[in-house]
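Presented below is the structure to which this report refers.
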Amino acid sequence: MNAAPMLNPFSLFFASIFTSNILLANFLGMCSFISISKDMKSSNGLGLAVTVVLTITTALNWAILNYVLIPLNVEYLRYIVFIIAIAAIVQMLEMIIDRISTTLYMNLGIFLPLITVNCAILGVSLFMEIRNYTFLQTVIYGFGSGLGWYLAIMALAAIRKKTEKAPVPAGLKGPGLTVITIGFMAMAFTGFSGMLAVQ
Amino acid sequence: MSEAGSILKDNLWSNNPIFMQVLGICSALAVTNLLVNTMIMAIGVIFVMAMTNLTVSIIKGLMPRKVRMMVQTLIIAFYVIIVDLLLRAYLPDISRALGPYVGLIITNCIIMGRAEAFAQSNPPLISMWDGATSGFGYMAVLLAIAFFRELLGFGTLFGIQVFPDAFVPWTIMVTPPSAFFLLGFIIWIGKTIMNREGAPA
Amino acid sequence: MNKQSLIYTVIFTFLVSFVFVTVLAFANEATREQVRLNQELARQRAILNALNIDYGGPEDVQAKFDGVKVVERNGTELYQAQKEDYLVVAKEFSGSGLWGTIRGILAVQEDMDRTIGLEILEHNETPGLGGRIDEPWFKQQFRDLRIVDGTIEVGDAGEGDEDKENGEIDAITGATRTSDAMRVILSNELSAFQSILGGNS
């Protein structure tokens, strides 16, 4: 349909981590984000897993889209094909990690099943498709978004650790306070756009 | 209360997926800055959820266990593509505004959750009702957020101007963080009322 | 037949996928023509908006669009409309935003004194941030805006520059990159107009 956009790879990378964070600006990947961020260690594991899976699946879906779906003229099937490719990759990664090392499996592998239904994964694939990215742009965007998600969940886990014991109204305890905290984080992340303007 | 009635109350209020677990907001929060978009998005979710529950319930006896999750995903994706095609053909402006978010209904955790928890073990019609009412509960919360975001961010409701020209729009309401703030407040209010009723929080 | 056996699982999965894909293929075929018409209509409406021509329903769009002259000058397709005492020329533009290509229509007076209007055809900017380039207040800034020194300046973030003589528009709060991208796109577009119109007027 259209040619790929000419984007500065640096600003694409920076924007996907900070200014337009996949979670804080596009609201993707909230489900596991809120429940897992209770705990620093799990957050770390899930963040890593998301980064790895995002980079791989986005690149794979790019190849499927450009070498299979578009030549066959069946782009309308992309939702089904993308989600199945993601499920397959996650399953394979889980098996591979299980073979390689038990420690890695305990740190990373147990979070993998959570990832198939993480909207951020499918979201990045869909955005990549609608924006006509080149392969390089896809990889930068996938990896950057993963890092951005990782950063956001670590930051939230750290904040929640500090506010855990704080006295708050009963109704606000738990998800209410967490969601408002995410709101403040989202505002802070928007502030990074000033940094990029200086470059 | 009849079974259908208690399912309605459960899904709308005491077991509302957004209040209780903050589930499934990913696909929709981004489009809550305008009521029209939110409404269409929520109707899409209701349709997909009701039809998925119906289909899963009908074929549950035939479903091999090993591929259950995959087949459920396939069913959800199927209905989402139908919604996407219908929007493209008959509501092109809204389809353009929603963009990839329609596709993200697939990963809405509530849909698969209801299919697993309810449709797998209940007859078709009541499963469809369960799916639809879960969708209504979801729509109610999203519309509440969109109401404030559009009213304060643009001074309009469903695109119709309600505030005089002198009203200065709150830019913050248009930007993403406001959706989180409003959602947080809605959960706060909802939980406070529930605590007062003595329901388990 | 044993429902957990491998053969059954494979056959079941295959059949389900086959049925769904077939239905989708038909649905896609059935809506294809409508989708194409919608795209064409959206494009015509965008051109009319940019040229500042009012229109009603779809038939009216077609009728009004027939009044627009499509000409080719120096290998570029231009859309021309005659106003009381001057000619308005519109042209499609595209350029890179923060996330992807921004496509739209910009219309100017033939003597390049003022821009007449801007319409966005397609963009992928973040909803609520850069995505606000598609909101009326942003596009309204280009209505009869004087072009100063052959360009349009993007100033500080604001809610719409009302001054039509300063050749400046407000940037979008929290969307520095998109605003920068618009500056580049506009400047390219205006010099393109300059080289097309400059030689002939």
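Every chain is numbered from 1 and lettered A, B, ... according to where its sequence line falls, protein lines coming before strand lines. Please read all numbers here as calculations on a predicted model, not as lab measurements.
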For chain B, which residues from residues 48-65 of chain A have at least one heavy atom closer than 4.5 Å to it?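 Contacts with chain B: none.
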
Has [X] got more than 12 heavy atoms of other residues, nucleotides or ligands less than 6.0 Å from its [atom1]?
X: Gln161(B); atom1: CD; answer: yes
X: Tyr105(A); atom1: OH; answer: yes
X: Met69(B); atom1: CE; answer: no
X: Ile70(A); atom1: CD1; answer: yes
X: Met187(A); atom1: CE; answer: no

Phe184(A) portion near chain B, given a 4.5 angstrom heavy-atom threshold: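 Looking at Phe184(A), backbone and side chain both touch chain B.
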
Please work out whether the ring planes of Phe180(B) and Phe27(A) are parallel, tilted or perpendicular, with thresholds of 30° and 60°.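 Correct class here is tilted.
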
Distance check, rounded to the nearest 0.5 Å: Ile180(A) atom CD1 versus Leu182(B) atom CG?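 Here the rounded value is 9.5 Å.
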
Let me confirm one number: the CG-CG distance from Leu122(A) to Asn108(B), rounded to the nearest 0.5 Å.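 If I round to the nearest 0.5 Å, the distance is 12.0 Å.
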
Using the test side chain to side chain donor-acceptor pair (under 3.5 Å), find all partners of Ser121(B) that sit at least two apart in sequence or belong to another chain.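 Residues passing side chain to side chain donor-acceptor pair (under 3.5 Å) with Ser121(B): none at all.
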
Please give me the minimum heavy-atom distance between Ile130(A) and Pro100(B), naming the atom from each residue.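 Minimum heavy-atom separation between Ile130(A) and Pro100(B): CD1-CD, 3.9 Å.
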
Run the ring-ring contact (aromatic ring centres under 6.0 Å, His included) test against Phe185(B) and tell me which residues pass, sequence neighbours left out.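 Partners of Phe185(B) by the ring-ring contact (aromatic ring centres under 6.0 Å, His included) criterion, ordered by chain and then number, come out as Trp188(B).
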
For the pair Asn26(A) and Tyr101(B), evaluate side-chain contact (heavy atoms from CB on, under 4.5 Å) and give the outcome as yes or no after the intermediate values. CA-CA 10 Å; Asn26(A) 287 317; Tyr101(B) 289 97; 3.0 Å; yes

What part of Met112(B) gets closer than 4.5 Å to chain A, counting heavy atoms only: side chain, backbone, both or neither?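 Met112(B) touches chain A through side-chain heavy atoms alone.
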
Name the residue from Val102(B), Leu104(B), Ile106(B) that meets the side-chain contact (heavy atoms from CB on, under 4.5 Å) definition with Leu126(A).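 For Leu126(A), the side-chain contact (heavy atoms from CB on, under 4.5 Å) test succeeds with only one of Val102(B), Leu104(B), Ile106(B), which is Leu104(B).
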
Show the numbers, then the answer: is there a side-chain contact (heavy atoms from CB on, under 4.5 Å) between Ile83(A) and Thr107(B)? CA-CA 9 Å; Ile83(A) 192 84; Thr107(B) 48; 3.9 Å; yes

Report, by ascending residue number, the residues of residues 82-93 of chain B in heavy-atom contact with chain A at a distance under 4.5 Å; give 'none' if the set is empty.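 Expected list: Asp84(B), Arg88(B).
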
Hey, does Ile84(A) have a side-chain heavy atom less than 4.5 Å from the side chain of Thr73(B)?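 The answer is no, as the side chains (C-beta and beyond) never meet within the 4.5 Å cut-off.
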
